[in-house]
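Okay, so here's the structure we're looking at.
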Amino acid sequence: MMKKESLYPLLALCLLQNACVVAAVHVPEQLINNEIVVQSEEGFFADKSLKFGIYEATNLDRDWVSSSGMSVGAVGQTKARQDYRFTLKKNNQAHYEVECLNILREQHVSIGAGSLVEMRGIFQCELFESKTRIKRAGFIRPLEENPNTASPIDYPEHDWTLKPEHRTSQGGYVHLLPLGFSIRENSEPIALVQSVNTKKIWMRPDLGETQNDIGAAILAGLAFYKPLSTWSNRNLMDEE
């Protein structure tokens, strides 16, 4: 998506630092009464573990953001990447190992006092059985995809999709970064995570045991998600 430099970098910094008040995510009526209380242990700039119901996402190992870039005249490219992994425990026993990857690429062209920025990237998570390392599910979400488009979840037993949620609890709409993500089956929401500010999770109680396990692992991976920053953020800070 080609666009003029906007408030995206500022909002990304706001979310990264948890220093701004961001609207709460809209909760679909199918999930409104199904919130699971989340307890979090805070670490350096981010949550280190999450407890919700019978699950605990722990042993979070988040790599430092690696970045690279080059420029020729007015044209430049930058890339940022961060990997993280954690263990999902169920009833205090290791159940799944979850591995996530976040990549952001930017191409920018300086035009006079302004610039044009094209952002592309992916966010993906895969989960494996702790004992056998057999892959059970995963997803890949292109960051430039239409925010109203749901991405398929690789979970062969069910037709699940992942949808970013931009609607607020007050009926507004955040255009830049999602407030959370929902898991949907045949377009119906079955689980939801608020991934900005206070982490919150909702999950339908009538799912099967394995579905609960898979959904919990995916929601935890999404809860640990942090937007990356590259050239746009540095450029914004340089101008201050």
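Bear in mind that the values here come from a model prediction, so they are computed numbers and not experimental data.
Under the rule for a salt bridge (Lys or Arg N to Asp or Glu O under 4.0 Å), Glu35 has no partner lying at least two apart in sequence or in another chain. Applying the side chain to side chain contact (heavy atoms under 4.5 Å, CB included) rule to Glu209 yields the partners Lys90, Asp213; only residues at least two apart in sequence or on another chain are considered. With sequence neighbours left out, the side chain to side chain contact (heavy atoms under 4.5 Å, CB included) criterion links Ala137 to Leu127, Tyr155, Ile214. Taking Asp63 as the reference, Arg85 meet the side chain to side chain donor-acceptor pair (under 3.5 Å) condition, with sequence neighbours excluded.
Residues Asn34 and Pro205 are in side-chain contact: their nearest non-hydrogen atoms beyond the backbone lie under 4.5 Å apart. Counting heavy atoms from C-beta on, the side chains of Trp202 and Gln194 come closer than 4.5 Å. Under the 4.5 Å side-chain criterion, counting only non-hydrogen atoms from C-beta, Arg62 is in contact with Gln82. Taking the side chain as every heavy atom from C-beta outward, Phe181 and Val25 never approach each other to under 4.5 Å. At a threshold of 4.5 Å between non-hydrogen side-chain atoms, the residues Cys100 and Tyr225 do not count as touching. Contact of the Val75 side chain with the Gln107 side chain is not registered, since no non-hydrogen atoms from C-beta on lie closer than 4.5 Å.
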Is there a side chain to side chain contact (heavy atoms under 4.5 Å, CB included) between Lys135 and Asp154? Walk through the geometry before answering.
CA-CA 10 Å; Lys135 182 180 175 180; Asp154 180 17; 3.6 Å; yes
Are His95 and Glu56 close enough, and set up right, to give a side chain to side chain contact (heavy atoms under 4.5 Å, CB included), and what steps lead you there?
CA-CA 10 Å; His95 198 63; Glu56 180 181 8; over 6 Å; no
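Heavy-atom contacts from other residues, nucleotides or ligands closer than 6.0 Å to CG of Asp206 number more than 12.
Screening residues 163-186 for salt bridge (charged side-chain N to carboxylate O under 4.0 Å, His left out) gives Glu165-Arg184 as the qualifying pairs, with residues at least two apart or on separate chains. Applying the salt bridge (charged side-chain N to carboxylate O under 4.0 Å, His left out) test to pairs two or more places apart or on separate chains, those with a residue in residues 92-103 are Glu99-Arg133.
Taken to the nearest 0.5 Å, the CG atom of Leu192 stands 11.0 Å off from the CD1 atom of Ile36.
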